[in-house]
**Q** 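Let me begin by handing over the structure; questions about it come next.
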Amino acid sequence: MSENFSAKETFAIYGESATTITYVRNEFFTEEKTFPTMRDAIDYLKALAPTPGGIVLHIRAHGRDIPFDRDNITKLMREL
């Protein structure tokens with residue numbers, strides 16, 4: 001996990017941004033969902049049981065996608 005990563009700061013900056021989650025349900029099936037806000041995406045991930053093994057989260061901001069890796073997603077899920 002990035003020591004400099006702040007879930008609260010990230011949410012303050014990108015919380016209202018459209019967010020896409022790509023995750024692996026099982027080793028053969030990948031699913032992608034887009035949500036209107038980061039909070040909606042994180043709440044969806046929190047509701048999944050069990051948490052998927054492979055997750056990538058992309059925030060759409062400033063005309064580009066900003067990816068977050070599993071470690072930072074875990075921190076977002078824990079702190080938001």
Side-chain angles (χ1 to χ4, degrees):
M1 190 174 314
S2 172
E3 291 182 27
N4 297 327
F5 180 80
S6 168
K8 290 180 182 170
E9 183 178 329
T10 299
F11 186 72
I13 296 168
Y14 301 113
E16 297 302 315
S17 299
T19 304
T20 300
I21 302 169
T22 304
Y23 58 97
V24 180
R25 275 277 193 201
N26 60 46
E27 60 189 62
F28 303 108
F29 183 68
T30 301
E31 192 168 335
E32 183 175 288
K33 291 190 178 282
T34 300
F35 300 88
T37 68
M38 179 191 273
R39 169 64 71 189
D40 294 333
I42 296 299
D43 287 346
Y44 177 81
L45 283 174
K46 286 180 177 181
L48 289 177
T51 302
I55 304 172
V56 178
L57 184 137
H58 294 269
I59 304 297
R60 185 74 181 158
H62 311 295
R64 63 188 178 106
D65 284 335
I66 302 168
F68 291 85
D69 64 20
R70 182 169 175 79
D71 289 342
N72 290 337
I73 295 167
T74 300
K75 192 168 185 178
L76 284 166
M77 289 172 63
R78 188 174 47 237
E79 293 183 18
L80 298 181

**Q** Please round to the nearest 0.5 Å and tell me the distance separating atom CZ of Phe68 and atom OG1 of Thr74.
**A** 13.0 Å
**Q** Measuring only between side-chain heavy atoms, which start at C-beta, is Lys33 closer than 4.5 Å to Tyr23?
**A** yes
**Q** Nearest 0.5 Å, please: how far is CD1 in Ile59 from CD in Glu16?
**A** 11.0 Å
**Q** Mind listing the closest non-hydrogen atom pair of Thr19 and Ala41 along with its distance?
**A** CG2-CB, 3.6 Å
**Q** Is the backbone of Phe5 close enough, under 3.5 Å, to the side chain of Lys75 for a donor and an acceptor to pair up by distance?
**A** yes
**Q** Using 0.5 Å steps for rounding, measure from the NZ atom of Lys46 to the CD1 atom of Ile42.
**A** 7.5 Å
**Q** Establish, from distance only, whether the side-chain atoms of Asp40 and Thr37 form a donor-acceptor pair under 3.5 Å.
**A** yes
**Q** Hey, could you give me the CG/CG distance between Leu57 and Asn72, rounded to the nearest 0.5 Å?
**A** 10.0 Å
**Q** What's the separation between atom CG in Asp43 and atom CE in Met77, rounded to the nearest 0.5 Å?
**A** 9.5 Å
**Q** Partners of Thr34 by side chain to side chain contact (heavy atoms under 4.5 Å, CB included), sequence neighbours excluded?
**A** Thr20
**Q** Can you tell me which residue pairs pass the salt bridge (charged side-chain N to carboxylate O under 4.0 Å, His left out) test with a partner in residues 51-62, sequence neighbours excluded?
**A** Arg60-Asp65
**Q** Take Leu45 and Ile55 through the side chain to side chain contact (heavy atoms under 4.5 Å, CB included) test and state the conclusion after the steps.
**A** CA-CA 9 Å; Leu45 283 174; Ile55 304 172; 4.2 Å; yes
**Q** Please examine the side chains of Val24 and Glu31, heavy atoms only from C-beta on, and report whether any two atoms are closer than 4.5 Å.
**A** no
**Q** Give, for atom CG of Leu80 and atom NZ of Lys8, the distance between the pair rounded to the nearest 0.5 Å.
**A** 8.5 Å
**Q** Can you tell me which residue pairs pass the ring-ring contact (aromatic ring centres under 6.0 Å, His included) test with a partner in residues 42-67, sequence neighbours excluded?
**A** Phe35-Tyr44
**Q** Can you hop from Phe11 to Tyr14 via hydrophobic side chains spaced under 4.5 Å?
**A** yes
**Q** Under 6.0 Å from the CD atom of Glu79, do we count more than 12 heavy atoms belonging to anything else shown?
**A** yes
**Q** Does Thr30 have any side chain to side chain donor-acceptor pair (under 3.5 Å) partners at least two apart in sequence or in another chain, and if so, which?
**A** none
**Q** Apply the test side-chain hydrogen bond (donor to acceptor under 3.5 Å, both in side chains) to residues Thr22 and Glu32: give CA-CA distance (whole Å), side-chain angles for both, the deciding distance (0.1 Å), then the verdict.
**A** CA-CA 4 Å; Thr22 304; Glu32 183 175 288; 3.2 Å; yes
**Q** Please identify each residue that fulfils salt bridge (Lys or Arg N to Asp or Glu O under 4.0 Å) with Arg70, with sequence neighbours left out.
**A** none
**Q** Holding to salt bridge (Lys or Arg N to Asp or Glu O under 4.0 Å), I want the full list of residues that pass it with Glu9, two or more places apart in sequence or in another chain.
**A** none
